Amino acid sequence: MTDLLLQDIDAILAERIRRVAAARGWTQHETILRLLEQGLFACEQEVRGGFEDQEVDALAAAIAALKEVPAGRSF
């Protein structure tokens, strides 16, 4: 399993994580993993919006390509 390091966590966010851990009886590590998983699931559902995997992949590729386009002149 890959280790990740979170830096510069806002104090309020860290406290919210601690509160969830205490309320659920989870370790801080377990809490962060579960919150990441649930957050990713929610974001993926929002992005998919009923699209099929192939459509999501095509959209993600198009967005990535657009991010590589140099900024144009301002109007």
Side-chain angles (χ1 to χ4, degrees):
M1 183 160 280
T2 302
D3 290 331
L4 297 175
L5 173 65
L6 299 175
Q7 296 178 319
D8 302 322
I9 302 294
D10 180 81
I12 294 171
L13 180 59
E15 179 57 29
R16 291 172 64 198
I17 293 168
R18 280 193 279 285
R19 286 183 189 176
V20 170
R24 301 286 187 188
W26 298 335
T27 65
Q28 192 173 41
H29 176 82
E30 183 180 13
T31 303
I32 291 170
L33 286 177
R34 287 180 183 230
L35 291 172
L36 279 171
E37 184 176 17
Q38 290 175 13
L40 282 171
F41 181 75
C43 289
E44 289 168 345
Q45 290 301 315
E46 182 179 301
V47 169
R48 287 186 183 276
F51 293 116
E52 298 296 323
D53 285 344
Q54 191 174 26
E55 294 168 320
V56 172
D57 293 341
L59 180 58
I63 291 170
L66 285 172
K67 288 182 178 178
E68 297 299 318
V69 174
R73 297 167 66 185
S74 59
F75 294 97

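Below, each value reflects all heavy atoms present in this structure, side chains not excepted, and no hydrogens, waters or symmetry copies. As the structure is a prediction and not an experimental result, all values here were calculated from the model.
To the nearest 0.5 Å, the span separating CZ on Arg34 from CZ on Arg24 amounts to 8.5 Å. Arg16 contributes atom CZ, which lies 13.5 Å from atom OG1 of Thr31 (distance to the nearest 0.5 angstrom). Considering CG of Leu59 and CD of Gln54, their distance stands at 13.0 Å, rounded to 0.5 Å.
The cluster map of Ile, Leu, Val, Met, Phe, Trp and Tyr, joined by side-chain heavy atoms under 4.5 Å apart, puts Leu13 and Leu6 in the same cluster.
Ile32 pairs in a side chain to side chain contact (heavy atoms under 4.5 Å, CB included) with only one of the listed residues (Ile17, Val20, Thr27, Leu4), which is Ile17.
With salt bridges taken as basic N to acidic carboxylate O contacts below 4.0 Å, one links Arg18 and Glu15.
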